[in-house]
There are 2 protein chains.
Amino acid sequence: MFVKGMKALSSKQQSIVDYIRRFLVDRGYPPSIRDIVDGCGISSTSVVDYNLKILDERGYIRRHAEVSRGIELLAWSPISRFQVPIIGQIAAGEPIPVPTSDTWDVAASSETLEVTEDLTQSKEGVYALRVKGTSMVDALINDGDIILMQYVNVVENGEMAAVWLKAEKEITLKKVYVEPSRIRLQPANSEMRPIYTDPENVEIQGKVIAVIRQLV
Amino acid sequence: MFVKGMKALSSKQQSIVDYIRRFLVDRGYPPSIRDIVDGCGISSTSVVDYNLKILDERGYIRRHAEVSRGIELLAWSPISRFQVPIIGQIAAGEPIPVPTSDTWDVAASSETLEVTEDLTQSKEGVYALRVKGTSMVDALINDGDIILMQYVNVVENGEMAAVWLKAEKEITLKKVYVEPSRIRLQPANSEMRPIYTDPENVEIQGKVIAVIRQLV
DNA sequence: TTTTTAATAGAACAAATGTTCGTTAAAGGG
DNA sequence: CCCTTTAACGAACATTTGTTCTATTAAAAA
């Protein structure tokens with residue numbers, strides 16, 4: 001999160017911050033002081049040094065002494081992103097593909113989704129599925145949505161999970177409640193009726209930790 | 001996206017890539033060759049240089065000659081993230097807060113959401129709202145969801161938008177279709193009925209570009 | 001006006017860091 | 001067995017790059 005109460009920057013300082021960000025974005029490493037001299041049309045390295053000190057004090061950047069290009073941009077910390085493999089699609093009529101060590105390997109999977117860490121909460125075993133068809137609308141999940149899944153076999157009461165119904169040969173996304181001698185599968189949409197079934201008939205295939213829908 | 005067809009890496013090369021990523025994540029700038037020597041327990045800078053050359057050839061990194069710490073991690077380019085201000089909530093009974101230059105300022109807004117660029121598609125004027133209440137379920141949007149909005153006053157036919165209905169004093173998320181002498185507001189849920197209303201009665205408040213739902 | 005403070009200049013220095021090169025060791029290939 | 005390729009070694013070197021220092025100018029305060 002962002003720290004409030006930052007003092008206003010001079011136009012030169014603002015342009016330095018912008019330049020650092022831009023440089024970082026398209027080169028992947030921070031600029032040197034002399035890069036900034038050139039990039040911002042500043043006349044001397046000491047002027048840049050002078051302003052970097054101020055930016056450091058005010059919390060916009062962190063400088064690492066005696067480290068080349070040791071400028072860390074705090075106003076936008078380039079950390080905590082995640083590559084999640086999209087290992088297949090989920091449809092009503094077919095079980096979801098079981099994640100193997102192959103599909104786990106982000107490098108090996110053909111499609112990946114880039115998410116920030118606060119979405120996955122840095123959990124292990126996260127993968128993504130593309131939803132096919134409208135059979136999950138009662139879970140407020142539409143055709144084309146992408147769901148972030150965590151690979152688990154057991155879920156807490158009330159958690160949304162991908163459930164494979166053996167008899168029906170159908171997969172569905174429901175909130176799972178264990179009741180005496182039966183399992184209640186509750187749609188996310190409160191106006192819809194739950195399904196009751198035998199514990200033997202259900203197989204938890206994973207837990208839904210997020211839904212992402214992109215419209216155009 | 002990831003490029004396929006990469007050859008397998010030796011364990012040493014793998015550990016170098018991992019170390020670079022880790023270093024980048026918690027320091028904000030790339031490691032020097034000597035950092036890698038220490039961090040990976042390698043005996044000589046030339047060994048690191050040798051392996052970095054290979055990683056460069058195989059497309060895992062890009063080295064920038066004669067630049068200190070000039071290592072760009074391609075297997076995960078640390079670019080394209082976005083701070084989107086969460087400027088308020090959207091509920092049925094009240095109009096959404098109009099984004100001002102104040103709320104636009106990411107530094108000024110108390111809450112922000114970090115998203116990757118492929119979600120916002122690097123558009124300008126993107127903000128986020130937290131959905132309050134279940135009045136948008138027919139748009140497959142639930143209480144607590146976060147919607148990414150783009151500030152526009154006009155939408156294309158069929159696009160999902162936040163619409164303020166003046167007479168009803170109500171805001172709703174619907175697909176907007178302009179028909180002769182009336183506006184059709186179509187719920188995302190195909191089983192639900194559209195609303196027809198007068199063009200004078202509607203006020204477009206923004207366009208929904210993504211929906212994010214986080215389940216524990 | 002005088003004094004202080006903020007900002008700029010430019011150069012010289014020192015430390016950090018990438019690069020090169022001759023050698024050696026191990027692992028196949030013929 | 002010799003020869004080529006791959007990998008590792010370590011030191012010396014050259015460049016890049018951060019740092020420092022003094023002088024100068026501009027604006028603000030007294």
**OP:** Could you name each residue pair satisfying salt bridge (Lys or Arg N to Asp or Glu O under 4.0 Å) that touches residues 141-153 of chain B, not counting sequence neighbours?
**Re:**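 Counting only pairs at least two positions apart or across chains, the salt bridge (Lys or Arg N to Asp or Glu O under 4.0 Å) contacts touching residues 141-153 of chain B are B:Asp145-B:Arg213.
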Original post:
Under the side chain to side chain contact (heavy atoms under 4.5 Å, CB included) test, which residues partner A:Val37, sequence neighbours left out?
Top reply: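 Scan of A:Val37 (side chain to side chain contact (heavy atoms under 4.5 Å, CB included), adjacent residues dropped) gives A:Thr45, A:Val48.
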Original post:
What does nucleotides 20-29 of chain D look like as a protein-contact string, B for base, S for sugar-phosphate only, - for none, at under 4.0 angstrom between heavy atoms?
Top reply: BB--------
Where the side chain of [X] is concerned, which of [options] is the nearest nucleotide?
X: A:Arg63; options: C:dT17, D:dT19, D:dA8; value: D:dT19
X: B:Arg34; options: C:dT17, D:dT19, C:dT8; value: C:dT17
X: B:Tyr50; options: D:dA8, D:dG10, C:dA7; value: D:dA8

Please name all residues satisfying side chain to side chain donor-acceptor pair (under 3.5 Å) with [X], sequence neighbours left out, ordered by chain then number.
X: A:Asp35; answer: A:Ser32, A:Arg69
X: B:Arg63; answer: B:Asp49
X: B:Glu203; answer: none
X: A:Ser15; answer: none

Length of the line joining [X]:[atom1] and [N]:[atom2], which is rounded to integer Å:
X: B:Tyr29; N: C:dG18; atom1: OH; atom2: P; result: 12 Å
X: A:Leu55; N: C:dA7; atom1: CG; atom2: P; result: 12 Å
X: B:Ile42; N: C:dG18; atom1: CD1; atom2: P; result: 14 Å
X: A:Ile33; N: D:dT19; atom1: CD1; atom2: C1'; result: 8 Å
X: A:Ile36; N: D:dT19; atom1: CD1; atom2: C1'; result: 15 Å
X: A:Leu52; N: D:dT17; atom1: CG; atom2: P; result: 15 Å
X: A:His64; N: D:dT17; atom1: NE2; atom2: P; result: 17 Å
X: B:Lys12; N: D:dT6; atom1: NZ; atom2: P; result: 16 Å

Original post:
B:Lys174 and B:Thr172: side-chain donor and acceptor closer than 3.5 Å?
Top reply: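 Present: a donor and an acceptor within the cut-off.
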**OP:** Go through the structure and list residues passing ring pair (Phe, Tyr, Trp, His ring centres under 6.0 Å) with A:Tyr19, not counting sequence neighbours.
**Re:**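 Expected list: A:Phe23.
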**OP:** Ignoring backbone atoms, test whether A:Arg69 places a side-chain nitrogen or oxygen under 4.0 Å from the OP1 or OP2 oxygen of D:dT17.
**Re:**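 Yes.
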**OP:** Ignoring backbone atoms, establish whether B:Asn51 has a side-chain N or O less than 4.0 Å from OP1 or OP2 of D:dA8.
**Re:**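 Yes, B:Asn51 has a side-chain N/O under 4.0 Å of OP1/OP2 on D:dA8.
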Subject >> Pairwise 5' ranking along DNA chain D for B:Ser44 and B:Ser68, keeping only the more 5' one >> reply: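 Looking at the nearest nucleotide for each, B:Ser44 comes out on the 5' side.
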Subject >> Each stem that DNA chain C is part of, given as range with range (3 or more consecutive Watson-Crick or G-U pairs, under 3.5 Å) >> reply: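 The stems are C:1-30 with D:1-30.
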Original post:
Charged N to carboxylate O under 4.0 angstrom, A:Asp18 versus A:Arg21?
Top reply: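 So A:Asp18 pairs with A:Arg21 through a salt bridge.
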